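Some notes on the structure that comes next.
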Amino acid sequence: MKHLIFFLVLSFTQLVAQTVVPISSIRTNNANGVPVDTGRTFTVRGVVTSANQFGLSGPASLQDSTGGLSVFGDLFSNRVRIGDSVQITSVLTHFNGLTQFDFRRAGSTFQRLDSNKISIPQVVTIADINTQLWNGIEAHESKLVRLNSVTIVGTGNFASGTNYNITDASGTMQLRIDNDVASLINTPIPSGPIDVIGIIGQFKTTAPFSTGYQILPRFVSDLIYNGPPAILDPIAVSNITSTSFIVSFSTMRAGDAQIKYGLTSNLELDSLRIIEDTTFHKFSISGLNPSTQYFFRVSSTNQFGTSTSAIQTVTTASLNPVTGAINVYFNFPVDTSVAIPRNSANGNVSLAAKLIERINSTSS
């Protein structure tokens, strides 16, 4: 009978933990700004608005129709993508003003319900963020928002892990450039009014946790303003043959596209230009020599200026399908049924014999 009672209690506990609750219902704070339900386990559903954009440990963030919530831990942030609809169970914690799930805790689970959901940033003012009820329910913390017509206090380029004051007609708060948002680091700080999209965070080390709100852009395209095209990484090289390759790249803002290439960093061979006002650009370079390294650089221009990449390199393929290829060998059988054509691994190979063969084929 005792065993039966224990089983019933355990089952009831698991049922309670799996009951899905609105995010706003676990966001009630005490007079210090600390969640009253800290340490309890909850299950919520929401759409992911940031994943590993702020590093593998996060925090990531998700939101439902009632509020937003941060999630700390790479077992979540590195396994989801922006737009995923998820159900997540974890322990509610608090870190320097930020209410979050700690996904490192035992029993934390999540389930992906759907993907490619779109979250439209809520348009707010700085005053809306600074005056949200920290002694109650923080309406904007961990949500994806948009601040229109703000000015960033600063000159030069954005630095890694740095806070910048931003202002609008209603007040002042901080914009945080996270260490892991590589697309923003070292890019020019806009000199005029811009719109900013980002996740609302908070960082204050002592109670009461009534201030310290920050907006964290996730990538360079979260800063919206008129300016040069701004080339986005990575610049992709594909369809490499013995005589050609394709270069494609994207820009944050629309512009035309140009590529210069050559056998040296002087890019002395040729220059191509596509006069099309777009953010996706693609060049096909042909008439090349096999097994040859080429240097190239891309640029894009619009009415506000020109953005230029660093010099890149690519080597054309060899005429011999073996020479210059990366050959993979295993000393046991391999399944090549799903391999890309001409990209199969070699199985049942004597690795010692293969190594001797390669040594003997070398020349001084």
Side-chain angles (χ1 to χ4, degrees), residues 49-50 53 81-83 116-123 144-152 154-158 166 168 175 177 181-198 215 217-241 244-262 265-288 294-314:
T49 51
S50 70
Q53 282 70 35
R81 294 183 178 182
I82 292 175
N116 300 316
K117 297 295 184 180
I118 297 175
S119 296
I120 299 175
Q122 180 182 356
V123 178
L144 181 69
V145 305
R146 176 170 179 158
L147 296 172
N148 288 335
S149 193
V150 302
T151 300
I152 302 174
T155 58
N157 295 338
F158 283 118
I166 59 174
D168 67 5
L175 178 144
I177 303 300
V181 186
S183 63
L184 266 171
I185 297 168
N186 293 322
T187 61
I189 299 173
S191 58
I194 69 169
D195 298 346
V196 179
I197 295 173
I215 185 168
R218 302 159 298 173
F219 15 71
V220 68
S221 55
D222 274 344
L223 302 188
I224 303 169
Y225 61 99
N226 291 329
I231 295 171
L232 303 177
D233 290 329
I235 297 171
V237 180
S238 61
N239 294 71
I240 302 173
T241 72
S244 66
F245 57 84
I246 291 175
V247 174
S248 56
F249 67 99
S250 297
T251 50
M252 185 169 68
R253 288 172 289 275
D256 69 5
Q258 185 177 38
I259 186 169
K260 295 181 178 181
Y261 63 96
S265 57
N266 293 324
L267 311 177
E268 72 287 348
L269 286 183
D270 203 354
S271 175
L272 302 177
R273 186 180 182 189
I274 298 176
I275 305 175
E276 182 182 0
D277 195 36
T278 181
T279 58
F280 180 75
H281 316 276
K282 184 176 181 180
F283 289 98
S284 180
I285 310 299
S286 59
L288 308 177
Y294 288 88
F295 296 77
F296 71 90
R297 179 169 58 205
V298 297
S299 63
S300 180
T301 301
N302 62 15
Q303 60 180 316
F304 300 100
T306 299
S307 300
T308 304
S309 75
I311 291 180
Q312 317 278 317
T313 61
V314 58

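The model shown is predicted, which means the values in this text are computed figures rather than measured ones. Atom set for the values below is all heavy atoms of this structure, side chains included, hydrogens, waters and symmetry mates excluded.
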Is there a side chain to side chain contact (heavy atoms under 4.5 Å, CB included) between D168 and N148 once you walk through the steps?
-> CA-CA 8 Å; D168 67 5; N148 288 335; over 6 Å; no
Donor-acceptor pair, [X] side chain versus [Y] backbone, under 3.5 Å?
| X | Y | answer |
| --- | --- | --- |
| Q312 | A310 | yes |
| N266 | E268 | no |
| S50 | Q53 | no |
| D277 | G255 | yes |
| N239 | I246 | no |
| S309 | V298 | yes |

Write down the atom of [X], the atom of [Y], and the distance for their closest heavy-atom approach.
| X | Y | result |
| --- | --- | --- |
| S271 | K260 | OG-CG, 3.6 Å |
| I197 | I215 | C-CD1, 4.2 Å |
| T279 | A254 | CG2-N, 3.6 Å |
| S244 | S286 | CB-CA, 3.9 Å |
| M252 | V220 | SD-O, 3.0 Å |
| I152 | P190 | CD1-CD, 4.1 Å |

Do you see a donor-acceptor pair shorter than 3.5 Å between the side chains of Q258 and S300?
-> no
Are T251 and H281 linked by a side-chain donor-acceptor pair shorter than 3.5 Å?
-> yes
State, yes or no, whether a side-chain contact exists between [X] and [Y] at a heavy-atom distance under 4.5 Å.
| X | Y | result |
| --- | --- | --- |
| S265 | I311 | yes |
| I166 | T151 | no |
| I177 | I185 | yes |
| V247 | Y261 | no |
| V314 | I240 | yes |
| I224 | I194 | no |
| Y294 | L269 | yes |
| L272 | F296 | no |

Drop me the distance from I189's CD1 to L223's CG, to the nearest 0.5 angstrom.
-> 10.5 Å
About how many Å separate CD of Q122 and CG of L147, when rounded to the nearest 0.5 Å?
-> 10.5 Å
Take I259 and I285 through the side chain to side chain contact (heavy atoms under 4.5 Å, CB included) test and state the conclusion after the steps.
-> CA-CA 9 Å; I259 186 169; I285 310 299; 4.1 Å; yes
Could you tell me which residues satisfy side-chain contact (heavy atoms from CB on, under 4.5 Å) with T187, sequence neighbours excluded, listed by chain and number?
-> F158, L184
Of all residues at least two apart in sequence or in a different chain, which pass the side-chain contact (heavy atoms from CB on, under 4.5 Å) check with T306?
-> S299, T301, T308
Would you mind checking if D195 and R146 are paired as a salt bridge, meaning a charged N to carboxylate O distance below 4.0 Å?
-> yes
What class does the angle between the rings of F249 and F283 fall in, given that below 30° is parallel, 30 to 60° is tilted and above 60° is perpendicular?
-> parallel
So D256 and N302, side chain to side chain contact (heavy atoms under 4.5 Å, CB included) or not? Walk me through it.
-> CA-CA 7 Å; D256 69 5; N302 62 15; over 6 Å; no
By salt bridge (Lys or Arg N to Asp or Glu O under 4.0 Å) - contacts of R218 (at least two apart) = D222
Tell me whether the guanidinium CZ or amine NZ of R253 lies under 6.0 angstrom from the six-membered ring centre of Y225 and within 45° of its axis.
-> yes
